[in-house]
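Everything below concerns the one structure shown next.
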Number of protein chains: 2
Amino acid sequence: MSDIQSGSEQTRARLIEAAREVFAQYGFQGATVREICRRAGANVAAVNYHFGSKDGLLAEALNFSGLKTLQTNNLSADPCPEKRLRLFLKDFMLMLLDENSASRQCRIMARELADPTPALDKIVSEAIAPLHEFLGRLVCEIVGDKMSAAQQLRCVFSILGQCSFYYHTEPVLQRLHPELRYDADEIGAIAAHIAEFSLAAMNQLTRRDA
Amino acid sequence: MSDIQSGSEQTRARLIEAAREVFAQYGFQGATVREICRRAGANVAAVNYHFGSKDGLLAEALNFSGLKTLQTNNLSADPCPEKRLRLFLKDFMLMLLDENSASRQCRIMARELADPTPALDKIVSEAIAPLHEFLGRLVCEIVGDKMSAAQQLRCVFSILGQCSFYYHTEPVLQRLHPELRYDADEIGAIAAHIAEFSLAAMNQLTRRDA
DNA sequence: CAACATATCAAACGCTTGTTTGAAAGTAAA
DNA sequence: TTTACTTTCAAACAAGCGTTTGATATGTTG
């Protein structure tokens, strides 16, 4: 074992990195092992040698650490739940929409939602369920006991729905509004809108129900 | 030509109907010509004989009449824009989520959004663009001139995002909330929530900005 | 009936997919 | 160097895909 581990670990790492790119771009079904290996500069057989199968590679390519740290950091960021929601949405939308950054994990996840793969169970239990719970607690702090649990759940769905919309319908939005670019400013503006829209809704709804 | 057109038109019609089912269920890429022909009780070659290609079949399988009539009916349903939004959301969510009914056109559309096919241009120009304009006018009636055009557009996105969420993440929601069923009651409750959530948000936001 | 165009069919074509194979190259310890 | 093990590679494999083909019915027209 030399300082860098014998080239084998290098190939493994390059495969995982290439897989994240390709899975994020084409989805699991659309991505091909050959394209992944081409980008990694590896032989076609490398995927099956190192990961057993295309499924195994996907499982290793998934990495929810970014999403987790985002949530834990948020918890201690500010005592005010409204401010924390604004902060979370900004970070989350950057992770979801920014082309750079190591945000591709979120994009892989988002792609899986449409047509499930064997990895969806892992994605749901390790990433999506905690995310829903996190937002559920945040909403609960904001609306308090002025809403039923069912209503709070629907508020979480309303927030997440607004977020995922910009990701899922990107090809459509590009056609309808060609001037639209997901740069940092635009993403910030989108996140701010979702925050204000959702906070206004929850604020108003709790007033009425009270 | 007999009373029913010689069996050829029958096969054509059965293929289109089967294609709508399969495209809606698996998406364009995931759907196979063989499965479509199997459900239609036709030979594999029938698709290329009648439609030239799988792409051609998709083009014929698309049908936006339901979405269009929904919009035109809505325009003359009620003078109050808030009531029209509630009504539209109820009909739209039924079209999107109800397993029965000829609602599959919407599902095919929604599937295409994730990964574009050659048919996406047609879908955007003939269905999605009019839908966005329709909702844009409705939002404009509700918020009047108390919002900028950019803000109004984002409100349209917020509404559509909430709607498409329930469709796109259905496999996930089924895992997180196994008791969830998209029956008529549940769909109605979802639509009502989206309407009240969005109306509350727009109401509150226009107050602040005034 | 004969002639013709249309519609269906089993079979195959060419291609791409994920995966496997067996040999070659590289690496580490005896 | 020899031995044993790991890693890479070109090539092939089996399966699935959309599509094409040529024959065979089917129905219509002279």
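Chain identifiers are assigned alphabetically (A, B, ...) following the order of the sequence lines, protein sequences preceding nucleic acid strands; residue numbering begins at 1 within each chain.
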For atom CZ of B:F23 and atom P of D:dG18, their distance in whole Å: 9 Å
State whether B:R181 and B:E186 are salt-bridged, where the test is any N-O pair (Lys NZ or Arg NE/NH1/NH2 against Asp/Glu carboxylate O) under 4.0 Å. no
Regarding B:E17 and B:R14, does a basic nitrogen lie under 4.0 Å from an acidic carboxylate oxygen? no
Between the side chain of A:K54 and the main-chain N/O of A:F28, is any donor-acceptor distance below 3.5 Å? yes
Close N or O pairs between protein and nucleotides 13-17 of chain C (under 3.5 Å):
none

Kindly assign one of parallel, tilted or perpendicular to the pair B:F92 and B:F88, based on the angle between their ring planes and the thresholds 30° and 60°. parallel
Using a strict 4.0 Å threshold on nitrogen-to-oxygen distance, state whether A:R86 and A:E82 make a salt bridge. no
When A:D55 and B:A46 are each assigned the nearest nucleotide of DNA chain C, the 5'-most assignment goes to B:A46
Strictly by modelled atom types, are B:S158 and A:H193 linked by a side-chain donor-acceptor pair under 3.5 Å? yes
Specify the separation, in whole Å, of atom CG of A:N48 and atom P of D:dT6. 18 Å
Rounded distance (Å) that lies between atom C1' of D:dT8 and atom CD of A:Q10: 14 Å
Lys/Arg N to Asp/Glu carboxylate O, A:K68 vs A:E126, below 4.0 Å: no
Protein-nucleotide distance (B:R12, atom CZ; C:dT8, atom P), rounded to Å: 11 Å
For D:dT8 and A:H50 - does any side-chain N or O of the residue sit under 4.0 Å from the phosphate oxygens OP1/OP2? yes
Expressed in angstrom and rounded to an integer, what is the separation of B:F51 atom CZ from C:dA7 atom C1'? 13 Å
Give the rounded distance in Å between these two atoms: CZ of B:R38 and P of D:dC17. 12 Å
For A:F157 and B:F165, take the angle between the two ring planes, folded into 0 to 90°, and tell me which bin it lands in: parallel under 30, tilted 30 to 60, perpendicular over 60. tilted
A:K122, NZ: over 12 other non-hydrogen atoms inside 6.0 angstrom: yes
Going by atom types alone, do B:S65 and B:N63 pair a side-chain donor with an acceptor below 3.5 Å? yes
Report the distance from atom CG of B:L57 to atom C1' of D:dC17, rounded to the nearest whole Å. 15 Å
Spacing of A:I36 atom CD1 relative to C:dT19 atom C1', expressed in whole Å: 14 Å
Strand DNA chain C as a dot-bracket string - pairs counted if Watson-Crick or G-U with both distances under 3.5 Å, | where the partner lies in another strand: |..|||||||||||||||||||||||||||
Measure the shortest side-chain to side-chain distance between B:D91 and B:Q71 over non-hydrogen atoms and say whether it is less than 4.5 angstrom. no
For C:dT8 and B:T11 - does any side-chain N or O of the residue sit under 4.0 Å from the phosphate oxygens OP1/OP2? yes
Listing time: all N or O pairs from protein to nucleotides 21-23 of chain D that are below 3.5 Å?
none

